[in-house]
Amino acid sequence: MFGRPTPGELVRDLATGLTGIYMAPGFGKTPTVYLRPPRGGYEWEASADAIEPATPAS
């Protein structure tokens, strides 16, 4: 993980290739985060070690 993102920050989930808005940390035994699609939709849980800052090309 690149560091602790702030809520609302745009990040890329490396496992799925999806770009999402960071919402909050997850609550599991392994570090996870909750992401939401930029245009709205259902949140998904991603590994905290598999996200990076989103770039304009993401």
Side-chain angles (χ1 to χ4, degrees):
M1 190 166 111
F2 63 92
R4 186 178 201 136
T6 57
E9 186 174 346
L10 199 60
V11 299
R12 184 161 185 241
D13 179 352
L14 299 174
T16 64
L18 297 173
T19 299
I21 298 171
Y22 173 79
M23 302 305 289
F27 303 100
K29 289 185 176 186
T30 60
T32 60
V33 296
Y34 288 105
L35 305 176
R36 183 178 297 273
R39 294 187 176 133
Y42 293 105
E43 288 183 347
W44 76 93
E45 198 168 7
S47 170
D49 295 329
I51 61 171
E52 67 180 10
T55 61
S58 293

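Side-chain atoms are counted along with the backbone in the values below, which use heavy atoms only and exclude waters and symmetry mates. Count residues from 1 along the sequence.
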Atom of P38, atom of T19 and distance for their closest heavy-atom approach | CD-O, 3.3 Å
Sequence neighbours excluded - side chain to side chain donor-acceptor pair (under 3.5 Å) pairs with any residue from residues 24-34 = T32-E45
If you round to the nearest 0.5 Å, how far is CD1 of I51 from OG1 of T16?
-> 11.0 Å
Can you pull the salt bridge (Lys or Arg N to Asp or Glu O under 4.0 Å) pairs that have at least one residue in residues 35-44, sequence neighbours excluded?
-> R36-E43
Would you give the length of the straight line joining atom CE of M23 to atom CG of L35, rounded to the nearest 0.5 angstrom?
-> 9.5 Å
When rounded to the nearest 0.5 Å, the distance separating CG of L18 from CH2 of W44 is 5.0 Å
Nearest non-hydrogen partners of P5 and V11, listed with the distance = CB-CG1, 4.3 Å
How would you list, by chain and number, every residue that makes a side chain to side chain contact (heavy atoms under 4.5 Å, CB included) with P25, sequence neighbours excluded?
-> R4, Y22
